[in-house]
Structures are given as structure tokens and as C-alpha cells.
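Worksheet: the structure to be examined is printed underneath.
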There are 2 protein chains.
Amino acid sequence: MSTTTEIGEVLARLIRDVPDFPEPGIVFKDITPLLADPVGLEVVVTALAAVGRDQAGVPVVDKVAGMEARGFILAAPVALALGVGFVPVRKPGKLPGETHAVSYALEYGQATLEVAHDAFGPGDRVLLIDDVLATGGTAAATADLVRRCGAEPVGLAVLMELGFLDGRAPMGDLPVTALTVA
Amino acid sequence: MSTTTEIGEVLARLIRDVPDFPEPGIVFKDITPLLADPVGLEVVVTALAAVGRDQAGVPVVDKVAGMEARGFILAAPVALALGVGFVPVRKPGKLPGETHAVSYALEYGQATLEVAHDAFGPGDRVLLIDDVLATGGTAAATADLVRRCGAEPVGLAVLMELGFLDGRAPMGDLPVTALTVA
């Protein structure tokens with residue numbers, strides 16, 4: 001098991017600040033050096049998976065949902081670590097068959113996310129995993145999609161929270177875990 | 001360890017045919033039921049990771065590259081299983097900083113993939129992972145990106161090959177492993 005200090009050191013060393021991306025004045029938090037580092041990848045997946053376990057280390061979730069596209073990178077290994085299934089939450093038009101869809105506001109315009117209508121069983125306990133919590137729009141929409149399937153979102157765990165954007169507000173009572181806050 | 005017969009049974013049971021998606025006349029191979037099944041996910045990741053090991057089970061690759069977006073779902077856990085880093089190969093404009101880019105022809109128009117310019121070190125042995133091998137355009141472009149970084153693609157492993165599209169042809173001498181052929 002990694003300690004909180006060890007995780008903090010790894011994240012500080014392997015997350016790269018890229019100024020003026022995707023537009024001037026924005027500092028982009030680039031996680032690709034972290035993903036490319038075997039220790040970094042393992043430490044992060046282990047820490048995120050711990051959110052889906054009780055104090056005895058027993059998994060207490062039935063599914064892990066990951067948001068397209070970067071959320072897939074962390075959510076799939078977390079599902080595997082917990083021994084549960086993975087559900088992709090996708091951009092519109094990517095999933096075949098019947099879906100549930102939720103739209104949410106962006107700064108300009110709106111975005112839509114979809115999930116297969118039978119992705120979760122009734123009462124399934126679902127852990128949401130993404131790389132970054134920004135405004136919370138994506139995560140709140142994902143929690144809504146889980147509820148529309150009759151399942152229960154039990155928490156959101158992210159690698160990094162952009163604290164100044166207050167992304168926890170749209171999450172309501174859903175517990176949020178961030179491995180680091182920028 | 002799962003036998004080939006066990007893998008075949010799991011794949012046949014958990015990959016769903018969806019007719020007329022994304023357009024009339026196409027039968028879409030939907031892997032979401034497989035990903036949502038804990039045994040299915042584990043069996044597939046274990047089998048794909050085996051491609052990156054020698055006969056003694058020792059990892060013989062330095063990095064795993066996954067193609068946006070569905071490739072991320074399998075490539076990241078394979079990297080973790082092998083104890084090596086994961087590199088995302090992305091659609092244009094998603095990666096900050098300096099990148100290498102390769103464009104390739106589609107049936108109508110073209111597509112471009114990008115990778116961080118320092119994603120691979122010189123001589124890195126890189127395993128490419130995707131969900132489906134169709135025409136091979138994406139995989140061949142990814143192999144080119146790896147070579148542009150001075151690294152060496154050592155194989156492509158996919159969950160499913162659409163055999164009638166002859167996606168192996170553009171791969172040249174690169175070894176291709178598919179867990180199942182449709």
C-alpha cells in the first residue's frame with residue numbers, strides 16, 4: 001500500500017503543467033507522463049480502487065463507470081482491480097442499441113453523454129472514475145445516467161480536482177475523492 | 001491461465017451483434033457486454049497482456065500504446081498487467097505540447113492521430129493494443145508514430161479482427177494477434 005505522502009510525491013513529479021493549452025491563459029494539467037510511468041500508473045489505480053473498498057479491503061461496488069475518453073484509461077484498470085465490470089459513458093452516437101442520454105450545459109453550448117440502457121442492473125452500486133474534476137458537468141451527468149438505469153452512484157473518484165472550479169457543487173450528496181487538488 | 005477454448009466461449013457469449021449500426025447493412029460488434037462482465041474483462045486483459053511476455057512469462061515490452069477511444073479501455077490494464085507505462089494515441093488537438101502526427105486515408109476523407117513527441121524513448125519496444133482490427137489504418141498509423149519517436153513497434157494485439165477487411169496487409173511485418181476473428 002502507498003501512503004498519501006508517496007502518492008502526492010508521485011503526482012507532483014509526474015503531472016506536467018502546460019501553459020496556454022488548449023487556449024491562452026489556461027494551464028493544462030498533462031497526465032501523460034504519469035500514465036507513461038509504471039509506478040505512477042500503478043499507484044494511481046491502486047489509490048482510486050481503494051475508494052471502491054470498505055475498511056477491510058472488500059469491494060463494495062458492482063460496476064465502475066468511466067467517462068470518454070481519458071476516464072477510460074483509469075476506470076478500466078480500477079474495475080479490474082476491484083473484480084467488477086466496466087461501463088463506458090460515451091459521447092453521442094458511439095453506442096449501438098438503445099441508450100439513455102443526458103445533456104448538460106458547457107460555458108458555451110452543451111454536451112451530451114450516453115450509456116447503454118442495460119449497462120447497469122437495478123440497484124447496482126456504481127463508482128464513477130474520471131481523470132479530472134473540473135466544473136463537475138460531466139460527472140453530474142454520469143451520475144444522472146446511472147440513476148436513469150435504476151442503479152445507484154456511490155461515489156466519484158478522480159486523479160485531480162481543479163479546486164477553483166467548484167466541481168463538487170453539482171455532485172450534491174455524492175462523495176467525491178480526489179487524489180490531488182490543483 | 002485461461003485456455004484458448006475458454007476465451008473463445010467467453011467472447012462468443014459476451015460480444016453482441018448489433019445489425020445496421022452505425023449505418024444500414026453493417027453489423028456492429030458491441031463489446032460493452034464483455035467489458036461489463038468481470039470475468040470477461042479479466043480474461044481479455046490477461047490474454048492480450050500475454051502477447052507482451054516471453055514464453056517464461058517475463059514482459060518483453062517497454063510501453064503499451066492504446067488508440068483513442070476504445071483502445072484505451074484495454075491498453076491501460078494491459079500496461080498495468082505488464083508493469084510498464086501506458087501511452088495514449090489521440091485524435092488531433094487533444095494532446096498539449098509538441099506532438100508527432102500521422103494522417104491516413106479513410107473510405108471517405110482522412111483521419112489523423114497524434115502522440116506526444118517524447119512519449120517513447122529511443123529503442124523502446126512498444127506493444128499496440130486496440131479493441132478491433134478493421135482496415136488497419138489506425139494501427140498502421142500508430143506503428144508509424146512509434147517509429148517517428150525512434151521506438152520500435154513489436155506487435156499489435158486486438159480483441160477482435162474483422163477478417164474480411166484484411167487489416168493485416170497494412171501492418172507489413174508487424175506480428176498481429178487477435179483473440180477472435182469475425
Side-chain angles (χ1 to χ4, degrees), chain A residues 14 16-22 26-42 44-46 59 62-66 68-88 90-91 93-98 115-116 118-121 124, chain B residues 14 16-22 26-42 44-46 59 62-66 68-88 90-91 93-98 115-116 118-121 124:
Chain A
L14 293 173
R16 176 165 56 181
D17 280 358
V18 182
D20 300 321
F21 184 88
I26 305 285
V27 177
F28 187 82
K29 299 290 180 177
D30 180 15
I31 67 167
T32 57
L34 177 68
L35 301 172
D37 185 281
V39 173
L41 183 61
E42 197 274 338
V44 166
V45 168
T46 300
D62 302 300
K63 293 265 167 50
V64 171
E68 184 167 2
R70 292 196 311 251
F72 291 177
I73 299 169
L74 298 172
V78 166
L80 203 62
L82 292 171
V84 303
F86 165 79
V87 174
R90 301 213 62 181
K91 292 170 184 169
K94 301 284 190 174
L95 289 166
E98 198 180 333
V115 74
D118 56 356
F120 306 104
D124 269 356
Chain B
L14 293 172
R16 177 165 56 182
D17 280 358
V18 181
D20 299 321
F21 185 88
I26 305 285
V27 177
F28 186 81
K29 297 290 182 177
D30 180 16
I31 67 167
T32 57
L34 177 69
L35 302 172
D37 184 281
V39 173
L41 183 61
E42 196 275 337
V44 166
V45 169
T46 300
D62 302 299
K63 292 267 169 46
V64 172
E68 182 167 1
R70 290 196 313 249
F72 291 177
I73 299 170
L74 298 171
V78 165
L80 203 63
L82 291 171
V84 303
F86 165 80
V87 174
R90 301 213 62 181
K91 293 169 184 171
K94 301 284 189 176
L95 289 167
E98 199 180 332
V115 74
D118 56 356
F120 307 103
D124 270 356

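Below, each value reflects all heavy atoms present in this structure, side chains not excepted, and no hydrogens, waters or symmetry copies. Keep in mind that this is a model prediction, so the values were computed, not measured. Below, chains carry the letters A, B, ... as their sequence lines are ordered, and counting in each starts from 1.
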Locate the shortest heavy-atom distance separating [X] from [Y]; write the atom from each residue and the value.
| X | Y | answer |
| --- | --- | --- |
| B:D118 | A:R16 | OD2-NH1, 3.2 Å |
| A:F21 | B:P96 | CD2-CB, 3.6 Å |
| B:G83 | A:P38 | O-CB, 3.3 Å |

Using non-hydrogen atoms only, which part of [X] is less than 4.5 Å away from chain A: side chain, backbone, both, or neither?
| X | result |
| --- | --- |
| B:D20 | neither |
| B:V45 | side chain |
| B:P88 | side chain |
| B:K91 | side chain |
| B:F28 | side chain |

| message | I'd like to verify something: which residue of A:D37, A:I73, A:V18, A:V87 has the highest number of heavy-atom pairs under 4.5 Å with chain B? | response | A:I73
| request: Answer with side chain, backbone, both or neither: which region of A:L95 has an atom nearer than 4.5 Å to a non-hydrogen atom of chain B? | output: both
| query | Picking from B:E68, B:K94, B:R90, what satisfies side-chain contact (heavy atoms from CB on, under 4.5 Å) with A:R70? | reply | B:R90
| request: Could you have a look at B:L41, B:V78, B:D30 and say which one has the most heavy-atom pairs with chain A under 4.5 angstrom? | output: B:L41
| field | Leading residue by heavy atom contact count with chain A [cutoff under 4.5 Å; candidates B:A36, B:G66, B:A76] | value | B:A36
| Rounded to the nearest 0.5 Å, how far apart are CG of A:L34 and CZ of B:F86? | 11.5 Å
